[in-house]
Amino acid sequence: MRLTTISSILIAVFAAASAHAFIAQRTAWWQVRINELAERKKELGAEQTRPQERGIISLIDREMARGGDTLELLKKNLSTEPQSLSKEEIRTYVRQALLPVFSLRCLELIHEGAGNARISAEVREAFAAKASARIHQIAPQLTDPATSDIPSLALRPSEASALVLETVIGSVIARFDEAYRVTTENIEKHLMSPSSGLNGGGDITALRELINQKCIEECSTLSFTANPEMEEAMERSWTWRSRVISLDREVKRIEETRMYLQDAPALQSKAEYFSRNILSLDHLYFDRRAARALAEIGGARQEKAAASGGFRLPEPSRIISAMDTRRRKLLAAVTGKEDGLFFENAAAALTETAERLLRPAEKRVRACKEGVCPKNPSLDAAKKGLADRRRLASAYAEASVSFVKWASLSRAVDGGALAADYRYRADRNIAYFNFTRSLAEKSAAIASVKSPDHHRKYSVFVKNIPGIFAPLRPSMEADRSLYPHLTPGQITGLKKARAEVFEALNQAGRDSLSAHDSFIAKVGELSRRRVEKNDRREAGIAQFDMDQMTAILHDYAALYGTLVYSEKALRNYHDLYKRLEEADGGTAAQEREEAIQAGTLLPRLEDFDVKRIESERASREYLRKEIRAQLSRIRSLENFYRQNGIPTGPAMSQHESGKMLSLLDSTPSVTVGGWTMTDSNVAEVDSKAVMKLAAASMKRDWRPKKAGGREAAGIPVECEGIALKFSLPGGWVEEKTGPYHTGRGVVKMFRSRDSSASIEVVKWGHADQGPLNELSSAWHEKIGSRVMKGKWGRQGELDYYWTIARDSASLVRESYAIIDGTNTVIISGLAPRDRYGFFHRKMEKLRDSLIK
């Protein structure tokens, strides 16, 4: 009996010694770590070289605070006496317990709200009210109860489902941070009061369970679906934005339709119908217009009956009928992409339709007028009838073209607005997916809370995340019928945005399932640990220690995730380079030339701070090192507790740690002109990119312009002592002239940017020294060029003599000799044979620009 008692005492003593040993080791480690952090903070505070260091210093302060909380807990647990929780410990435990419970409640509200009949009805009512207010704002007359042409405010079932989901998620996103802060304050205020039960002391695990229950109780009453929040979220939804755009366009079309119904007051209330049925509007409007026109030209049948003298004029109704047929064919062909040429041809076609009917009678009238037929008393009546019909046809054609233009504009689609709308809906969807994924990841820690009900909810909600977003899937598909209204760049942008949305959706699903796997593993591990070591406070201490280490890691990762300036700046650089590279005239081409002259694109970017990029890179390198070190510390700590018989389970799954490490390996980069620009080689790649733009500009000087492309602006040239003025091709630069050029009579000289071609302005002799052709030949002989062909020509009031000569085996010279007062001026261009075809067109433009 005594032996058994002694053995029990020894086991208890050794167990206590073992427990105190691991607590002492961790206490010593944290003391060393806090001292290291204090020294590092002192070094960074003394340097103060980078703005990002303020964030790093704040991070160090937070880690030191967490270390202090852990040290206090470890020291308290060196004693077996029951301990009360300090205010700082309460705050720490509340933050650890509240976030997963709060996130799970938000996930629950999203699931319930998306299928809630009351919320759905409120969203529909709010939508109808806001849409009506919108119509009243832009077109108050359409909301008059006496009319019935208000655009349809009803949502399609698919639109309604999407809008309800967007409104619910948007409400949660908007209120998440503020609600979390208020909830945290309420819980801490209650737990720090004497009535909370935390001040009487006790086992750490039991006290933490009491905090968990308070968090569950507080979160159970949370709700974000009150009317103000929903209305604000609705205004940010892409469904509302798209409907507002559609509503504005429809209201505008109805208003324009009402203008065509002014003569039909009884039909004003059906403007919406006629705005959608343009052919019906055409019949109604032009039937009334034709009736008025025929009434104004009354007596047409009497004129016809009296025209026995041989003048048979076409009836006005026949002219109008023919023009109606022509106009309706034009309307059937309208797509919304018509240009000015289409309407010019339409006007010509309508006029020709009337002329075909009037031309025979006009010929007979003209013949009588010229005396071919005897004097006829009905001639004057016929002439008047023709004039009346022509006025009728002209006014009717003008009204018809105006109507066709309106029909075209009503069907036109703004490609830029369409692309912007799709980009907005893509960004909103991605925000919804990422937020819901973050809720699944944050609420995975609910595994540590003893609540089977919450565990079931988490499994159900997380597994059903892909199903939540089913109403948003139709919005991810772009309407291919609208592609003809988009530029290739806009179509590419749509496809890219679509790929980003689906990738975000798939990633949200994968990450949510990964979080669920971690949750299942954690629940199993915690269940086993509670069964096996329910009475060991060391498990709680170890878990707190592990939670603090993990929280520190997440703090580092969160700060690392905010370092996005370099990525945005490099993307802006890439976009600017692409725009300048593809520019074919206009402002962008001018910007490219200025950038080439400056030797850099950086000053043309509104927000591109090289020092900030370098600072961010240094901070990113520091955080990379710390995150990797912290991951290593966490793995070592897991092994440490395992060796001490305190399995805490993995602090984070292999997938989570791998994902975090993969983020560290990525470097902000973009492809610019075939080079990869990163945050460490901005100046080098910028220099190369500008050189490539310059090389491309040189090639572009020779490249024939595409159809519809803009020709570069010419360079005005004036020479001292010469009255002639002309314009050089865009992109050419003036060269200095020396004695050699003076001996050849050259007063000004220009070269192409690639120096392969040149243009010279020569002052050569007096005009009275001989004909132009002889003076031109003498100059060619002087410079050693062999004239192959020459001819006279005239530009405006100037005579010139044109020649083409061979300057050498590979060069061709084209020249214009012109009399300028008492002087002879020769404008001569020299180019390689393989580029002479392009150069000849530039010389012709130079010739066309000659003025005195």
Side-chain angles (χ1 to χ4, degrees), residues 698-699 701-705 711-712 714-715 717 719 722-732 734-735 737 740-852:
M698 293 179 188
K699 292 181 180 179
D701 289 342
W702 293 106
R703 187 177 64 200
K705 295 300 175 183
E711 187 73 43
I715 303 171
V717 175
C719 301
I722 297 176
L724 283 175
K725 299 178 184 178
F726 57 90
S727 295
L728 280 176
W732 286 57
E734 185 172 356
E735 282 274 75
T737 57
Y740 169 75
H741 300 101
T742 304
R744 295 158 60 102
V746 177
V747 295
K748 275 200 182 235
M749 183 174 178
F750 303 86
R751 63 169 176 83
S752 59
R753 279 188 288 199
D754 61 0
S755 299
S756 65
S758 64
I759 295 176
E760 301 168 340
V761 182
V762 180
K763 192 174 181 182
W764 184 251
H766 292 280
D768 56 1
Q769 290 179 343
L772 274 178
N773 56 342
E774 293 179 3
L775 291 172
S776 176
S777 297
W779 181 75
H780 281 88
E781 185 177 352
K782 168 76 175 176
I783 65 173
S785 292
R786 188 156 58 94
V787 177
M788 307 298 296
K789 185 179 179 181
K791 65 178 181 180
W792 290 92
R794 188 174 181 83
Q795 173 63 26
E797 298 180 357
L798 293 174
D799 292 322
Y800 64 82
Y801 185 73
W802 170 87
T803 58
I804 183 167
R806 181 175 294 171
D807 200 75
S808 67
S810 61
L811 297 175
V812 178
R813 181 178 292 277
E814 181 176 353
S815 308
Y816 290 91
I818 306 161
I819 296 295
D820 180 52
T822 60
N823 298 316
T824 300
V825 175
I826 299 174
I827 302 174
S828 179
L830 190 65
R833 294 178 63 184
D834 59 346
R835 294 186 179 179
Y836 174 68
F838 304 132
F839 184 71
H840 173 64
R841 287 195 286 273
K842 295 182 182 295
M843 288 296 291
E844 285 183 331
K845 290 184 179 295
L846 184 152
R847 178 202 64 196
D848 294 343
S849 70
L850 284 170
I851 59 172
K852 264 191 177 183

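All of these numbers come straight from a predicted model, not from anything done at the bench.
Listed here is the closest heavy atom pair of Leu775 and Trp764: O-NE1, 3.3 Å. When every heavy atom of Ser815 is checked against every heavy atom of His780, the shortest pair comes out as OG-NE2, 3.4 Å.
Residues that satisfy the salt bridge (charged side-chain N to carboxylate O under 4.0 Å, His left out) test with Asp848, not counting sequence neighbours, are absent from this structure. For His840, the ring-ring contact (aromatic ring centres under 6.0 Å, His included) test picks out Tyr836, with sequence neighbours left out. With sequence neighbours excluded, no residue forms a salt bridge (charged side-chain N to carboxylate O under 4.0 Å, His left out) with Glu774. Judged as a salt bridge (charged side-chain N to carboxylate O under 4.0 Å, His left out), and not counting sequence neighbours, Glu781 has no contacts. Not counting sequence neighbours, the partners of Tyr800 by the ring-ring contact (aromatic ring centres under 6.0 Å, His included) test are Tyr816. Residues satisfying the side-chain contact (heavy atoms from CB on, under 4.5 Å) criterion with Asn773, sequence neighbours excluded, are Pro771, Trp792, Tyr801. Among residues two or more places apart in sequence or in another chain, the salt bridge (charged side-chain N to carboxylate O under 4.0 Å, His left out) test is passed with Lys748 by Glu734. In this view, Trp779 satisfies the side chain to side chain donor-acceptor pair (under 3.5 Å) rule with no residue, not counting sequence neighbours. For Arg847, the side chain to side chain donor-acceptor pair (under 3.5 Å) criterion is met by no residue, not counting sequence neighbours.
Looking at Val825 and Val762, their side chains never come closer than 4.5 Å, going by heavy atoms from C-beta outward.
In this structure, the separation between CG on Leu724 and CG on Leu850 is 6.0 Å, given to the nearest 0.5 Å. The structure places CG of Leu830 at 4.5 Å from CG of Leu811, a figure rounded to the nearest 0.5 Å. For the atom pair CG (Asn823) and CD1 (Ile722), the distance works out to 7.0 Å, reported to the nearest 0.5 Å. A distance of 8.5 Å separates CD1 of Ile759 from CD1 of Ile827, quoted to the nearest 0.5 Å. To the nearest 0.5 Å, atoms CZ (Phe726) and CD (Gln795) are separated by 13.0 Å. The OG atom of Ser758 sits 8.5 Å away from the CD atom of Glu735 when rounded to the nearest 0.5 Å.
Across Glu760, His741, Lys763, a single residue satisfies side chain to side chain contact (heavy atoms under 4.5 Å, CB included) together with Val747, and that is Lys763.
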Contacts table for residues 782-789: side-chain donor-acceptor under 3.5 angstrom, sequence neighbours left out:
from	atom 1	to	atom 2	distance (Å)
Ser785	OG	Asp807	OD1	2.5
Ser785	OG	Arg813	NE	3.4

Might you work through the side-chain contact (heavy atoms from CB on, under 4.5 Å) test for Val812 and Ile804, ending with a clear yes or no? CA-CA 7 Å; Val812 178; Ile804 183 167; 3.8 Å; yes

